[in-house]
**Q** 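Before anything else, here's the structure in question.
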Amino acid sequence: MAKARIIGGSYTAKSNILRMAEVIMGLRTEVGLSPDKAVWTMTSLLSFVLGETLEQQGLPEGPAEAVSPARAAISGALSDGEYRHLDTSVITQHFFDFDGRFEFGLMLLLNGIDTTVSAD
C-alpha cells in the first residue's frame, strides 16, 4: 500500500502541489540544472512555500494587533537573556513581516539556484 507524507493536514501528492512541482521541474531545462539538482531545487522551494504558508496560517488574521499575544510570548521567552544572539526588538519586529520574510527567503533560494547553475 502506497503512503503519502502529510504536511499540515493535507497530502503533498494533491494536484495543486504536483502542478507546482511540474512547473519547477520543467524550468530546470531552461536554467540548466541537472535532474538531481532540479529535484532538490523543487523540494527546497516547495518546502519553503509550504512552511511559510503554515507559519502564517498559525496566526489570527486581521490587523497587526492580532499578533500581539504572539509578540508578547516571544518577548517573554527572550527576556531572561539566555538567547544572547536574539535581539527581542528585531525578532518581534521582523518575524511577523511575512511579506518581507517571504520575499527575502525566495530571493535567497533563487540566488542560490543561480549560483548552483553557474557552478555546474
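Note that the numbering runs from 1 along the sequence shown for the chain. The figures here come from the full heavy-atom set of this structure, side chains too, leaving out hydrogens, waters and symmetry mates.
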**Q** Looking at NE2 of H94 and OG of S89, how far apart are the two atoms once the value is rounded to the nearest 0.5 Å?
**A** 8.0 Å
**Q** So how far is it from I91 CD1 to F96 CZ, rounded to the nearest 0.5 Å?
**A** 10.0 Å
**Q** Answer with yes or no whether the hydrophobic clustering places L45 together with L27; edges join I, L, V, M, F, W, Y residues whose side-chain heavy atoms lie under 4.5 Å apart.
**A** no
**Q** What's the spacing between T88 OG1 and L78 CG if we round to 0.5 Å?
**A** 4.5 Å
**Q** Can you tell me how far the OG1 atom of T41 sits from the CG atom of L110, to the nearest 0.5 Å?
**A** 9.5 Å
**Q** Name each donor-acceptor pair under 3.5 Å that joins a side chain in residues 97-109 to protein atoms two or more places apart or in another chain, with its distance.
**A**
residue	atom	partner	partner atom	Å
D97	OD1	G100	N	3.0
R101	NE	E52	OE1	3.2
R101	NE	E52	OE2	3.4
R101	NH1	F95	O	2.9
R101	NH2	E52	OE1	3.3
R101	NH2	E52	OE2	3.2

**Q** Measure the shortest side-chain to side-chain distance between L18 and E22 over non-hydrogen atoms and say whether it is less than 4.5 angstrom.
**A** no
**Q** Is V31 reachable from W40 through a run of I, L, V, M, F, W or Y residues, each pair having side-chain heavy atoms under 4.5 Å apart?
**A** no
**Q** Would the distance check show the side chain of S79 and the main-chain N or O of G76 forming a donor-acceptor pair, the cut-off being under 3.5 Å?
**A** yes
**Q** Within this structure, what is the CE-CG distance for the pair M25 and L33, rounded to the nearest 0.5 Å?
**A** 9.0 Å
**Q** Is there any ring-ring contact (aromatic ring centres under 6.0 Å, His included) pair reaching into residues 18-39, and which pairs are they, with sequence neighbours excluded?
**A** none
